[in-house]
Asks: 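Take a look at this one; I'll ask things after.
Convention: sequence-line order gives letters A, B, ...; per-chain numbering from 1.
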Number of protein chains: 2
Amino acid sequence: MATRGTRKKTADKPRYHHGDLRRALLDASLALISEEGFGALSLREVARRAGVTHAAPYRHFPDKEALLAAVAEEGFRAMTARMKERMVRETTPDGRLLACGVAYVLFAMEHPAHFRVMFGPHFSHPPDLGEAGGDTDSFGLLVGSLAEAQRAGMVREGDTQPLALSCWSMVHGLASLLVDGLLARSGITTVAQAEALAEQTVRVLLHGLARSTSD
Amino acid sequence: MATRGTRKKTADKPRYHHGDLRRALLDASLALISEEGFGALSLREVARRAGVTHAAPYRHFPDKEALLAAVAEEGFRAMTARMKERMVRETTPDGRLLACGVAYVLFAMEHPAHFRVMFGPHFSHPPDLGEAGGDTDSFGLLVGSLAEAQRAGMVREGDTQPLALSCWSMVHGLASLLVDGLLARSGITTVAQAEALAEQTVRVLLHGLARSTSD
DNA sequence: CCTACCGATCGGTAGG
DNA sequence: CCTACCGATCGGTAGG
């Protein structure tokens, strides 16, 4: 009994009686998904990892879907930022278009948990990719740079929308295969390898977009 | 009490005391995923839908992952068959390559639950896409027709493998976006629309593959 | 943000 | 292929 009342020997559970529990919950969610896969994500396990009781998250998110929505929104914001970051360095329309696509794939490789939440089939309604022009409007960046490339004569004329869907499909497919580990047996495991493949792949697509297929 | 002992008024639960429970379990899994999403899939609910006790499935599958593996394998077999079916109608190398890609997308649209299980992040190990030349080797079909197109001079020379990854990414991305409903707001909802988009998209890619980007 | 509690569901097994 | 059972986990709420 002599030791009763002294500091507990295990103070290993950080507590969040301050303002950053929300952040801690988001981080815990991402770590959990990365380590155990999406199926392992539960509000209770997230709370556990964040060092709080399983009732605490409800102070910040009304339910599980709200937590995921917050993760997804953060992901779209980060992805859009990543795309802009690489695009502004470029000086040509097709350079920007290429950068746009490569950044999409890089984001997925660097933030697989975010990517899974953003595009996984977890929501009742598929996510809206952000208001036009907003800082989550990654699709808008693609459409914009594609239209610019059209005006510059580097991409065939015609309705921009279906062409944008082709571009999106290309990078989304590559990103998905990478995140799900399906290209590992083809030897693509590092970010550098993924970037090289993305560049090559998007270049092929841009080349295909340059002129009408009936040429 | 007069009615006691007579036929129960609800005989609505079909029983599988014959040989087709395995098939029924696979079908129930697919229906469940289609209707409620992948997250709703549990062995117990599958058993319920198949009209058996939750212990019955263990007679056919050692665990949940084994059930999913069976669904996935069936999916790869069906997808490969779908691709072959469309490819044999074609008389040119690039026709076969196009058919190969379009069939991939069509399969996903027609069998979204299969597609989700095949490529969803549900397995400890990502699925092997089948032994080379086997009836689940869809990737082999792609590589084969791509190599054929190269020999015919319709696709640039060089290592076939990375080019095949570009093709796979393209159709896999389109299929994924379609299955997850992300192209619905772009107005692509029917199989016919998806097929048209897939054709256009793969044509763009083939055009890009025709010659070196440095031409 | 915590304790204590609810009903529900789950994967899996024993034993027949 | 069924009944009966196990321990575990879950989402969510009451009440403080």
Asks: From the options D:dG11, C:dT3, D:dC5, select the nucleotide whose nearest atom is closest to the side chain of A:Ala55.
Replies: C:dT3

Asks: Could you give the CD-to-C1' distance, from B:Glu65 to C:dG11, as a whole number of Å?
Replies: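 One finds 13 Å between C1' of C:dG11 and CD of B:Glu65, rounded.
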
Asks: Rounded to whole angstrom units, what separation is found between the CG atom of A:Leu43 and the C1' atom of D:dT13?
Replies: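 A:Leu43 atom CG is separated from D:dT13 atom C1' by 14 Å.
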
Asks: For A:Leu41 and for A:Arg59, find the nucleotide of DNA chain D with the closest heavy atom, then tell me which residue's nucleotide is more 5'.
Replies: A:Leu41

Asks: In whole angstroms, how far is the C1' atom of D:dT9 from the CD atom of A:Glu36?
Replies: 15 Å

Asks: If you check every side-chain atom of A:Thr53, which of D:dC2, C:dC2, D:dG12 has the closest atom?
Replies: C:dC2

Asks: Atom NE2 of B:His60 and atom C1' of C:dG12: how far apart are they, to the nearest Å?
Replies: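 These atoms are roughly 17 Å apart.
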
Asks: So which nucleotide from C:dA14, C:dC5, C:dC10 ends up closest to the side chain of B:Ser42?
Replies: C:dC10

Asks: Without decimals, in angstroms, what is the distance between B:Arg44 CZ and D:dC5 P?
Replies: 14 Å

Asks: Would you say B:Arg49 and B:Leu32 make side-chain contact, with heavy atoms under 4.5 Å?
Replies: yes

Asks: Find out whether A:Leu41 and A:Ser29 are in side-chain contact, i.e. whether some heavy atom of one side chain is under 4.5 Å from a heavy atom of the other.
Replies: yes

Asks: Are any of B:Tyr58's side-chain N or O atoms less than 4.0 Å away from OP1 or OP2 of C:dT13?
Replies: no

Asks: Using a 4.0 Å heavy-atom cut-off, does A:Ala56 contact any base of the nucleic acid, only the sugar-phosphate backbone, or nothing at all?
Replies: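 Sugar-phosphate, backbone atoms only, no base.
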
Asks: Measure the distance from CG on A:Leu67 to C1' on D:dC10 and round it to the nearest whole Å.
Replies: 15 Å

Asks: Check this one for me: any side-chain N or O of B:Arg48 less than 4.0 Å away from OP1 or OP2 of C:dC10?
Replies: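 So the side chain of B:Arg48 is within the cut-off, an N or O lying under 4.0 Å from OP1 or OP2 of C:dC10.
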
Asks: Send over the distance from B:Glu45 CD to C:dG11 P, rounded to a whole Å.
Replies: 10 Å

Asks: Would you call A:Arg86-A:Glu195 a salt bridge at under 4.0 Å N-O?
Replies: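 Salt bridge: yes.
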
Asks: Before accepting this row, confirm whether a basic side-chain N of the pair B:Arg77/B:Glu74 lies closer than 4.0 Å to the acidic partner's carboxylate O.
Replies: no

Asks: So does A:Glu90 get a backbone contact from the side chain of A:Arg96, meaning a donor-acceptor N/O pair under 3.5 Å?
Replies: yes

Asks: How close or far is atom P of C:dT9 from atom NE2 of B:His54, stated in whole angstroms?
Replies: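 One finds 13 Å between P of C:dT9 and NE2 of B:His54, rounded.
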
Asks: Counting Watson-Crick and G-U wobble pairs only, both distances under 3.5 Å, name the nucleotide matched with C:dG15, or none.
Replies: D:dC2

